[in-house]
There are 2 protein chains.
Amino acid sequence: MSPRKPSTKDLTKEMIINEAHKQFITKDFQQISMRSIAKELGCSHGAIYYHFKNKAEIFYAILSDYFSELNNILDENMNGPDDPNTKLLNVFVGYMAFGLNNQSQYELMFIMRDSEIDGLSQEAANFSYEKFSQAVQSLSKTELLISDIQSTFIALHGFVAHYRHYVKNYEEAKEAVDVHAKFLITALTFRK
Amino acid sequence: MSPRKPSTKDLTKEMIINEAHKQFITKDFQQISMRSIAKELGCSHGAIYYHFKNKAEIFYAILSDYFSELNNILDENMNGPDDPNTKLLNVFVGYMAFGLNNQSQYELMFIMRDSEIDGLSQEAANFSYEKFSQAVQSLSKTELLISDIQSTFIALHGFVAHYRHYVKNYEEAKEAVDVHAKFLITALTFRK
DNA sequence: CTCCTTGTTGACCGGTGGTTAATAATGAGT
DNA sequence: ACTCATTATTAACCACCGGTCAACAAGGAG
């Protein structure tokens with residue numbers, strides 16, 4: 001039934017993803033081309049289309065790892081020893097730090113959600129938001145409005161979307177991140 | 001000195017801008033091509049490069065009008081009869097409404113600020129922020145931190161950047177806009 | 001009737017994402 | 001061994017893109 005061993009395969013999905021991922025560290029989605037991946041892999045760009053139906057599909061696969069990482073950051077903080085107030089701050093800072101340290105990825109995960117990067121990524125983004133939402137509520141002393149939690153989430157995205165134009169990584173925006181996080185905590189705390 | 005009357009010109013900067021602007025209502029920067037503009041204008045796309053040095057320059061010209069419009073919205077509100085609290089709310093709502101009603105333009109004005117749309121637009125964006133900043137401070141009873149005003153500005157951008165994926169215009173997000181604006185007012189009000 | 005300038009064209013360049021016929025390579029069944 | 005179906009790959013091709021540029025049209029000035 002399988003007339004050709006998988007072991008003989010020279011080009012694998014994994015290799016393609018690895019190469020795309022490698023380039024994704026220094027370049028964004030638009031700057032990476034099927035040809036640049038193929039060139040580095042020593043194959044024709046047509047070959048890639050045998051393994052992935054299009055460019056977007058390659059990046060879905062990569063993004064899912066990043067969504068996991070972001071979710072892990074949140075989990076580790078929630079399971080940590082800090083008090084609720086510190087944890088809440090850390091959740092906000094964690095999101096912004098992740099966004100600033102993975103700018104190209106963050107753009108595709110939450111900002112660029114357009115026709116090209118559709119369904120699958122959308123779902124992961126919603127799941128990530130759900131985790132965030134529950135975490136924030138559980139750390140709060142009072143019952144929060146879901147609309148306020150969403151406003152907070154949006155404001156975090158806004159920060160990353162803005163600062164990524166001015167800053168290379170989290171380190172360079174540390175203070176601003178802290179200020180923004182505390183700003184949002186104030187809003188959540190005093191909302192009635 | 002001028003061997004050819006301007007009146008004889010068939011293709012003018014204005015015509016090009018008008019056509020680009022027309023397409024800009026329904027398409028975004030990336031979807032509009034020099035060729036699509038030329039085609040609609042009945043000329044070759046090479047001709048456009050006689051009047052504009054590149055695609056970005058055409059859109060600078062268009063954006064400057066939108067920056068003016070946004071600044072006018074703010075001015076009209078500030079010069080209006082409302083009390084400071086209402087005005088502050090209207091400033092926030094005004095920004096978000098403008099962003100949601102002019103999504104492609106807003107993206108270029110504040111979100112996409114990348115290599116292609118550089119200097120000139122950046123300057124206009126900074127000026128717009130300055131006006132916003134002064135307006136917010138003048139409407140506040142207490143002395144605000146500039147970092148908090150910036151957090152507010154960023155949170156407004158975040159709202160537009162997020163909701164433009166889900167909504168066609170301001171009308172469709174009216175309630176969420178209102179909630180977000182009040183959320184930000186809370187933060188500004190209770191910050192010490 | 002030149003000459004110079006303003007505009008305009010269309011071919012061209014290097015690049016993109018995506019498709020597809022031909023083909024190489026391989027293992028299974030006989 | 002030989003066929004056969006399947007998998008994987010190539011390279012040519014498509015229709016686009018932004019941008020450049022030599023050639024050329026058209027008109028006014030001298």
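Below, each value reflects all heavy atoms present in this structure, side chains not excepted, and no hydrogens, waters or symmetry copies. Below, read A as the first sequence line, B as the second, and so on, with proteins coming before strands; counting in each chain starts at 1.
A:Thr86 meets the side-chain hydrogen bond (donor to acceptor under 3.5 Å, both in side chains) test with A:Asp83; sequence neighbours excluded. Applying the side-chain hydrogen bond (donor to acceptor under 3.5 Å, both in side chains) test to B:Thr152 and every residue at least two apart in sequence or in another chain returns nothing.
The distance from atom CD1 of B:Ile37 to atom C1' of D:dG18 is 12 Å, rounded to the nearest whole Å. Atom CD1 of B:Ile32 is separated from atom C1' of D:dC16 by 16 Å (rounded to the nearest Å). To the nearest angstrom, P of C:dG17 lies 17 Å from CD of B:Gln31. Rounded to an integer number of Å, the gap from CG of A:Asp10 to C1' of C:dA24 is 11 Å. For the pair A:Leu41 CG and D:dT9 C1', the interatomic distance rounds to 13 Å; values are reported in whole Å. Atom pair B:Phe52:CZ and D:dG18:C1' shows a separation of 16 Å (rounding to whole Å applied). At whole-Å resolution of the value, CG in A:Leu11 and C1' in C:dA25 are 15 Å apart. What separates CD of B:Glu57 from P of D:dG18 is a distance of 15 Å, to the nearest Å.
Nucleic acid contact class of B:Ser44 (heavy atoms, under 4.0 Å, all strands): base. Counting non-hydrogen atoms under 4.0 angstrom, A:Ile48 reaches nothing in the nucleic acid.
For B:His51, no side-chain nitrogen or oxygen approaches OP1 or OP2 of C:dT6 to under 4.0 Å. At D:dA8, one or more side-chain N or O atoms of A:Tyr50 fall inside 4.0 Å of OP1 or OP2 (strictly under the cut-off).
Heavy-atom neighbours of B:Ile25 CD1 from other residues, nucleotides or ligands within 6.0 Å: above the threshold of 12. More than 12 heavy atoms of other residues, nucleotides or ligands shown are found within 6.0 angstrom of NZ on A:Lys131.
With A:Gln103 contributing its side chain and A:Val167 its backbone, the two residues share a donor-acceptor pair below 3.5 Å.
Between A:Lys182 and A:Asp178 there is a salt bridge, since at least one side-chain N of the basic residue sits less than 4.0 Å from a carboxylate O of the acidic one.
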Give each protein N/O atom lying under 3.5 Å from an N/O atom of nucleotides 19-21 of chain D, with the pair distance.
unit_1: D:dG19; atom_1: OP2; unit_2: B:Tyr49; atom_2: OH; d: 3.2
unit_1: D:dG19; atom_1: OP2; unit_2: B:Lys55; atom_2: N; d: 2.9
unit_1: D:dG19; atom_1: N7; unit_2: B:His45; atom_2: NE2; d: 3.4
unit_1: D:dG19; atom_1: O6; unit_2: B:Arg35; atom_2: NH2; d: 3.3
unit_1: D:dG19; atom_1: O6; unit_2: B:His45; atom_2: NE2; d: 2.7

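Partner of B:Phe59 under the ring-ring contact (aromatic ring centres under 6.0 Å, His included) criterion, out of B:Tyr66, B:Phe29, B:Phe52: B:Phe29 alone.
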